[in-house]
Amino acid sequence: MTDSKYFTTTKKGEIFELKSELNNDKKEKKKEAVKKVIASMTVGKDVSALFPDVVNCMQTDNLELKKLVYLYLMNYAKSQPDMAIMAVNTFVKDCEDSNPLIRALAVRTMGCIRVDKITEYLCEPLRKCLKDEDPYVRKTAAVCVAKLYDISSSMVEDQGFLDQLKDLLSDSNPMVVANAVAALSEINESSQSGQPLVEMNSVTINKLLTALNECTEWGQVFILDSLANYSPKDEREAQSICERITPRLAHANAAVVLSAVKVLMKLLEMLSSDSDFCATLTKKLAPPLVTLLSSEPEVQYVALRNINLIVQKRPDILKHEMKVFFVKYNDPIYVKLEKLDIMIRLANQSNIAQVLSELKEYATEVDVDFVRKAVRAIGRCAIKVEPSAERCVSTLLDLIQTKVNYVVQEAIVVIKDIFRKYPNKYESIISTLCENLDTLDEPEARASMVWIIGEYAERIDNADELLDSFLEGFQDENAQVQLQLLTAVVKLFLKRPSDTQELVQHVLSLATQDSDNPDLRDRGFIYWRLLSTDPAAAKEVVLADKPLISEETDLLEPTLLDELICHISSLASVYHKPPTAFVEGRGAGVRKSLPNRASTVGETEVGNSGEAMVIPNQESLIGDLLSMDINAPSMPNSAPNNIGVDLLGGGLDILLGGPPTEQAAAGGATSLLGDIFGLGGTALNIGLQIPKIVWLPAEKGKGLEIQGSFSRRNGEIFMEMKFTNKAMQPMNSFAIQLNKNSFGLIPGQPLQVAPLPPNQTSDASLPLATQGPIQRMEPLNNLQVAVKNNIGIFYFACLVHGNVLFAEDGQLDKRVFLNTWKEIPAANEVQYSLTGVIGTTDGIASKMTTNNVFTIAKRNVEGQDMLYQSLKLTNNIWVLLELKLQPGNPDATLSLKSRSVEVAPMIFAAYEAIIRSP
């Protein structure tokens, strides 16, 4: 008879009957009664009323009965905490039982009962079990420490359990070591401080590696996950760990294999990429990954999602294994689509013929989604492998001839991308595409066809008729198609203005008057105004050369990819999202990243300076491109002529009005306030140096990271930048442009940055002139920057350090200072409190003079030292300062007077940075 009988009772007064059976003297009757209670509890019945009776059954030597009672206790202890105390004595007694199974059972159950009153009684039994002679008890106790930490972290730390747990890492039994590692990992992740409570070192790692070979498979996973969080101190140690982990790649369990791959992928970052060891290790990684693809479909899918990440990071690992990713007829659709994706990533000139013949086969399958993806894949191959483009186009034309509707539509979408990648090469097929115009019913396909007609209108005799046929049902079209139609008709008009005037007026009227889509309406108005104001400018904008599309548009951002590589064999690697995106609270863990091949000083200094900071993020920075100067202003004659690089490639400067008026050069200007003791001709020491911070993170710059700061040397402002390429392709053709700003800052020469291979850095020091156009920014020292390279254009903002704007001719005569101080109204005086000021007045005065803040006079009033100082900004704004210091008192007061008092916050921040500098 099976245990199902316990779930099918129909007796009335069940609780009463169970109560009497639980108090029966016969052991068998008791066991049967407890089983009935557990069965009732399992199906959701409330049997908490039997708590005292079940607890009385704990006093038994029968292991099966004890397990059942402990199971009941774990479930109901939280709702009956006072009654649960009754069981404590039995727990303590069982922890000293001669049977190790009972000792382990007792300590496990006490750890699972999450009741504060019981927790305090758990410490002593747990301490004994952690030192138990039996390894089974010790491994159970190790896990119990992690559970106790979750209930009361302070108790675990105060009672010294962490040290005991760390000692278990040296245990002779590998399973004890594995459980200790699992417990420590759990504790580290749930640490409130976010910092690991137990640091891994080379001695501990050596113990883990020794235990690795003898653990069960899940023990090995725990140990490998822990090793993944360890950063070796040098390449030699990384190589040693790799050698000892490599045998795990041959394990039968997929979780162990993927965990080993994760550790090796991380350690590969620390190895020289051109070493023989690295090449050998890369070859060893391929067979285990291929073997995973012979498992059941669900495991295959997880393996493929992980392989997708690995191939993006290191395509060389599987470059010779293309055939294993060919789709089988009985693969589920989710496996087919994933294999297809990896095939494209691995496609190259040597295997493209194989890949194309496979894809052509897939395009005749019955599964519509799979066929669509296969057709798109052919287009991606054409874009990625240039020599194969012609063959791909030919294959697509063959597919169009099949006249299968969804195949034709997908083919037209990818041919549009091929036209963009290879302009003026395959346009001869346009007539074939136009033949299928009537069959298109999907928005993306229709939009692609309209784009092709508009882009190549001069080659299509009846382009106006074709576009006119679309306009008949303009209101019913998808927004994507409407936008393309609008642009295509404007392109046609600019190419053939004589016979398409009515058509363009019709479409502009439809877009601006009859449409309630704001995007369409706005675009219509822009075109209308462009065409009516200056058709030449419209031609430059609308018919401008388009940038070639990139090879791989669906690659993950390099920083996200690095983070996901650290999460191989977890859900994050299946979702292709970081844990923070789908796990709430501390379970998401600390953000992980791959080790840098060469760490830079700039990275360690980020955040040390309170002065420099990035203000808005990229999305909020440039709301309207027309508000940014597209062309750089003309430079003084002494500067090179080729500085004004047109970053947006569009010539929109016509829309922005005439060229900006140049300001008078500051060098010849006379002072507004009279006599000045000029220091402009002398070479000065370098002033305050503020460490570089990240201006453009790699996530926003498609792999380009820019760190920067500002400095002033010998009367000139410099923009100090460090460019780091964290992408997988080289970067070159760098250019920079600054938006209008409060101080007229513009580049003094073109940006000089050497071509950047992947994972390389380059420093650049860009001199800035102050003769550019002026526009008040908020805050005043906000500087909006655009940087261009072969990848794209990137926008960011930074704060110019106030001290670099202090001119060398900022010293006033005493009488002029006094008269000016009196003339400036009291409403223009601002005070600022300085705390923690260290040094004498003479030391501070000297430090300030180095940074062009000049001391005009010094006096002592009632025990207070008073410094009177002046400075002049590069835009000829004068600032007068009074510093009050009390010898021995770290607090000081700084008073500022200026006719332009809005500069005060920037001056105060700069003054504080200088006074605190070494």
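Predicted model, so just to flag it, every value in this text is computed and none were measured. Values below: all heavy atoms of this structure, side chains included; hydrogens, waters and symmetry mates excluded.
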- prompt: To the nearest 0.5 Å, what is the distance between NZ (K740) and CD1 (I746)?
  reply: 13.0 Å
message: Between the side chains of E705 and K722, is the shortest nitrogen-to-carboxylate-oxygen separation below 4.0 Å, so that they form an ion pair?
response: no
- prompt: Between the side chain of S709 and the main-chain N/O of I690, is any donor-acceptor distance below 3.5 Å?
  reply: yes
- prompt: Of all heavy-atom pairs between P747 and I736, which one has the smallest distance, and what is that distance?
  reply: CG-CG2, 4.1 Å
query: Do R713 and F718 meet the cation-pi criteria used here (NZ or CZ under 6.0 Å from the six-membered ring centre, within 45° of the axis)?
result: yes
- prompt: Which value, rounded to the nearest 0.5 Å, describes the distance between I717 atom CD1 and F806 atom CZ?
  reply: 11.0 Å
- prompt: Counting N and O atoms only, with roles assigned by atom type, does the side chain of N781 sit under 3.5 Å from a partner on the main chain of L799, one being a donor and the other an acceptor?
  reply: no
- prompt: Can K897 and E882 be counted as an ion pair, charged N to O under 4.0 angstrom?
  reply: no
query: Going through the checks in order, is the side-chain hydrogen bond (donor to acceptor under 3.5 Å, both in side chains) test met by S765 and E720?
result: CA-CA 5 Å; S765 188; E720 311 287 358; 2.9 Å; yes
query: If you measure from the Lys or Arg side-chain nitrogens to the Asp or Glu carboxylate oxygens, is any gap between R916 and E912 under 4.0 Å?
result: yes
message: Any side-chain to backbone donor/acceptor pair from N741 onto F743? Under 3.5 Å, distance only.
response: yes
- prompt: So, do L896 and S898 sit near enough that their side-chain heavy atoms are less than 4.5 Å apart?
  reply: yes
message: Please check: side-chain N/O of T849 versus main-chain N/O of F854, any donor-acceptor pairing under 3.5 Å?
response: no
message: Any heavy-atom pair between the side chains of L873 and I907 that's under 4.5 Å?
response: yes
- request: Please name the pair of heavy atoms, one in G836 and one in D891, separated by the smallest distance, quoted to 0.1 Å.
  value: N-OD1, 4.0 Å
query: Taking C-beta and beyond as the side chain, do F794 and L704 meet within less than 4.5 Å on heavy atoms?
result: yes
query: Between K847 and S917, is there a donor-acceptor pair closer than 3.5 Å when you use the side chain of the first and the backbone of the second?
result: yes
- prompt: Do I791 and M731 have side-chain heavy atoms sitting under 4.5 Å apart?
  reply: yes
query: Any side-chain heavy atom of Y868 within less than 4.5 Å of one from L881?
result: no
- prompt: Does a salt bridge link K726 with D562, judged by any charged N lying under 4.0 Å from a carboxylate O?
  reply: no
query: Quick one: CE on M848 to CG on L688, what's the gap to the nearest 0.5 Å?
result: 9.5 Å
task: Test Q737 against Y795 for side-chain hydrogen bond (donor to acceptor under 3.5 Å, both in side chains), laying out the working first.
output: CA-CA 10 Å; Q737 189 170 307; Y795 301 99; over 6 Å; no
task: To the nearest 0.5 Å, tell me how far E778 CD sits from E902 CD.
output: 9.5 Å
Non-hydrogen side-chain atoms of K313 and M728 separated by less than 4.5 Å: no
- request: Starting from the C-alpha separation in whole Å, work towards a yes-or-no answer on side-chain contact (heavy atoms from CB on, under 4.5 Å) for F908 and L894.
  value: CA-CA 8 Å; F908 289 148; L894 181 64; 3.7 Å; yes
query: Between I774 and G744, what is the shortest heavy-atom contact and its length?
result: CD1-N, 3.3 Å
- prompt: Can R859 and D865 be counted as an ion pair, charged N to O under 4.0 angstrom?
  reply: no
message: With side-chain hydrogen bond (donor to acceptor under 3.5 Å, both in side chains) as the criterion, how do S272 and E235 come out once you've worked through the C-alpha distance, each side chain's angles and the decisive distance to 0.1 Å?
response: CA-CA 8 Å; S272 303; E235 187 176 344; 3.2 Å; yes
statement: Heavy atoms of Q784 and N739 approach each other most closely as OE1-ND2, 2.7 Å
- prompt: Side chains of Q689 and S711: closer than 4.5 Å at any heavy-atom pair?
  reply: yes
query: When you look at N852 and L871, which way does the side-chain contact (heavy atoms from CB on, under 4.5 Å) test go after all the steps?
result: CA-CA 7 Å; N852 298 336; L871 65 90; over 6 Å; no
N819 side-chain N/O to R815 backbone N/O, donor-acceptor pair under 3.5 Å: yes
message: side-chain contact (heavy atoms from CB on, under 4.5 Å), that's the test. Do F796 and I706 meet it? Break it down for me.
response: CA-CA 10 Å; F796 60 89; I706 302 177; 3.9 Å; yes
query: Do L883 and L834 have side-chain heavy atoms sitting under 4.5 Å apart?
result: yes
task: Take atom NZ of K577 as the centre, draw a 6.0 Å sphere, and report whether it contains more than 12 heavy atoms from other residues, nucleotides or ligands.
output: no
- prompt: Rounded to the nearest 0.5 Å, how far does OG of S900 lie from CG of L780?
  reply: 9.0 Å
- prompt: Backbone N or O of D842 within a donor-acceptor pair of the S846 side chain at under 3.5 Å?
  reply: no
task: Taking N725 for its side chain and Q729 for its backbone only, find out whether a donor-acceptor pair lies under 3.5 Å.
output: yes
task: Return the minimal non-hydrogen interatomic distance between V837 and A892, and the atom names on each side.
output: CG2-CB, 4.2 Å
Intermediate values then yes/no, side-chain contact (heavy atoms from CB on, under 4.5 Å), F723 and D763: CA-CA 6 Å; F723 294 80; D763 291 302; over 6 Å; no
- prompt: Between E808 and K872, is the closest basic N to carboxylate O distance under 4.0 Å?
  reply: no
query: What about W695 and F710, are their ring centers closer than 6.0 Å?
result: yes
message: If you compare all heavy atoms of A910 against all heavy atoms of N803, which two are closest, and at what distance to 0.1 Å?
response: CB-N, 3.6 Å
query: Is the side chain of N789 donor-acceptor paired with the backbone N or O of S733 at a distance under 3.5 Å, no angle test?
result: no
- prompt: Rounded to the nearest 0.5 Å, how far apart are CD of Q707 and OG1 of T761?
  reply: 9.0 Å
